Amino acid sequence: MSDQAKGIATTLIQVGAGDRLLRTRTVAPPLQRGSTLLMPDAASLYASQNPTYGMNALGVHEALVEGLKALERAAHVELFTSGLSAVTGAIMAVVKTGDDLLAVDSVYGPTRRFCDGYLARMGVRTRYFPAHATAEEIMSLAGERTRLIFLESPGSLTFEMQDIPAIAAAANARGILTAVDNTWASGLYFRPVEHGVSLSIQALTKYVCGHSDVFLGSVATSDPAVGRALADFVKDTGASVSPDDAFQGLRGLRTLEVRLNHHGASGLKVAEWLTTQPEVSRVMHPALPDDPGHALWRRDFTGAAGLFGVVLKSAAVAAVHAFLDRLRLFGLGFSWGGYESLAIHCDPQIKRTAVPWRAEGPLIRLNIGLEDPDDLIADLRAGLDALNVGA
Ligand SMILES: Cc1ncc(COP(=O)(O)O)c(C=O)c1O
């Protein structure tokens with residue numbers, strides 16, 4: 001049928017179809033958007049070795065997975081729509097009703113809420129162990145039904161470190177799986193899978209995407225059975241990532257090391273300065289030699305991210321608000337890992353059940369962005385002056 005003989009609706013539907021427009025080659029892989037994948041012939045509909053549906057199966061997904069496998073040095077990676085969906089997906093992929101889960105008391109709040117709410121309703125019990133518990137102490141809590149030990153090191157509010165290699169070795173010896181929320185180290189500074197961990201989880205939303213404009217998550221494993229369980233979970237639940245978001249993740253991966261090194265160096269400079277300020281009681285940053293987790297960080301990690309905590313000397317909430325409200329370069333907002341500096345008051349969201357959280361004063365969390373660290377220090381000094389006035 002000639003083009004002229006077709007109705008205009010048919011002509012418009014066919015505009016741009018086929019391979020004709022794929023003639024140019026760009027630096028980054030082409031961003032395809034598609035739910036439907038066209039098969040070359042009828043026989044391929046049910047016999048194709050290639051993907052037959054666009055869910056997590058486009059070129060950009062494949063490239064991102066390839067990059068994350070290299071980053072985490074893992075055999076298998078699945079993508080999720082957010083860091084939290086990666087956490088919950090990793091857990092759901094491997095537990096069943098009647099199982100028991102052990103989780104670190106300092107775990108990310110929404111992870112705890114999922115365990116205590118949704119998982120509990122599904123008949124999976126979660127018990128929490130102190131953030132500084134040793135491998136032996138954790139294993140002494142494990143029983144016949146313990147399926148998974150969930151770790152986060154350092155904790156993203158209070159920055160306690162766990163001895164992940166020892167915990168993974170002890171758990172593996174008992175046939176118990178381990179999962180680590182590895183968002184802080186971003187796979188670059190720590191690779192849990194290489195230390196025997198079953199599931200390494202990242203909120204790619206943070207450092208990998210790096211610009212506070214995308215939600216994305218990943219789970220990496222080198223255990224073939226866990227890899228199959230993860231792949232089945234994604235397939236069975238349709239946890240599909242949009243190609244646009246995958247593209248942003250891939251773009252972020254390319255500059256991750258440069259950005260993270262900068263975040264880390266600036267973060268340490270600001271943290272060291274804070275230790276010298278009279279209003280500060282202590283700085284919780286595993287790369288500081290006095291930090292309780294420093295020896296583990298030094299042994300296992302190859303760098304530090306730009307997220308850490310500051311315990312102020314005793315101060316009223318109004319003074320803390322005066323401090324935060326005085327900051328000009330630090331935005332007040334949740335999340336972290338983006339190019340911009342952020343600050344939050346943590347106390348209202350800290351939840352502990354194994355060991356109550358106690359500190360000499362209010363806890364502030366800082367995300368050190370890519371600004372000049374001297375400017376950030378000046379901004380914090382002005383904030384601390386306002387804290388004194390507000391006290
Ligand atoms: C340690 C940690 N894990 C997971 C998440 C969840 O990531 P997302 O916001 O992409 O769901 C966060 C978010 O703040 C986090 O801090």
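Whatever order the structure lists them in is the order used to number ligands and atoms, beginning at 1. What you are looking at is a predicted structure, and each value in this text was computed from that prediction instead of being measured.
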Taking NZ, NE, NH1 and NH2 as the nitrogens, is one of them in E78 or K69 under 4.0 Å from a carboxylate oxygen of the other?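 Salt bridge between E78 and K69, a charged N being under 4.0 Å from a carboxylate O: no.
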Charged N to carboxylate O below 4.0 Å: is that the case for D100 and R125?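 Salt bridge: yes.
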Which atoms of ligand 1 sit under 4.0 Å from any heavy atom of [X]?
| X | value |
| --- | --- |
| T205 | 8 (P), 10 (O) |
| G83 | 6 (C), 7 (O), 8 (P), 10 (O), 11 (O) |
| S82 | 10 (O), 11 (O) |

May I ask you to check if R112 and Y128 form a cation-pi contact, with NZ or CZ under 6.0 angstrom from the six-membered ring centre and within 45° of the axis?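 Yes, a cation-pi geometry holds between R112 and Y128.
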What do you reckon, does [X] have a nitrogen or oxygen under 3.5 Å from a nitrogen or oxygen of ligand 1?
| X | answer |
| --- | --- |
| W336 | yes |
| A203 | no |
| E152 | no |
| D181 | yes |
| S85 | no |

Who gets closest to atom 5 (C) of ligand 1 by heavy atom: F334, Y108, F80, W184?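 Comparing heavy atoms across F334, Y108, F80, W184, the nearest one to atom 5 (C) of ligand 1 lies in Y108.
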When you measure from atom 11 (O) of ligand 1 to each heavy atom in L84, T88, T81, which option holds the nearest one?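 Nearest heavy atom to atom 11 (O) of ligand 1 lies in L84.
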List the atom of P192, the atom of S200, and the distance in Å for their closest heavy-atom pair.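 Looks like CG-OG, 3.4 Å.
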Considering only heavy atoms, does S156 approach ligand 1 within less than 4.0 Å through its side chain, its backbone, both, or neither?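 Under 4.0 Å from ligand 1, S156 contributes side-chain atoms alone.
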Applying side-chain contact (heavy atoms from CB on, under 4.5 Å) between N367 and each of F308, F334, W336, Y339, report the one that passes.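 Checked F308, F334, W336, Y339 against N367; only one passes side-chain contact (heavy atoms from CB on, under 4.5 Å): W336.
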Do V60 and Y53 share a hydrophobic cluster (ILVMFWY, side-chain heavy atoms under 4.5 Å, transitive)?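 V60 and Y53: separate clusters.
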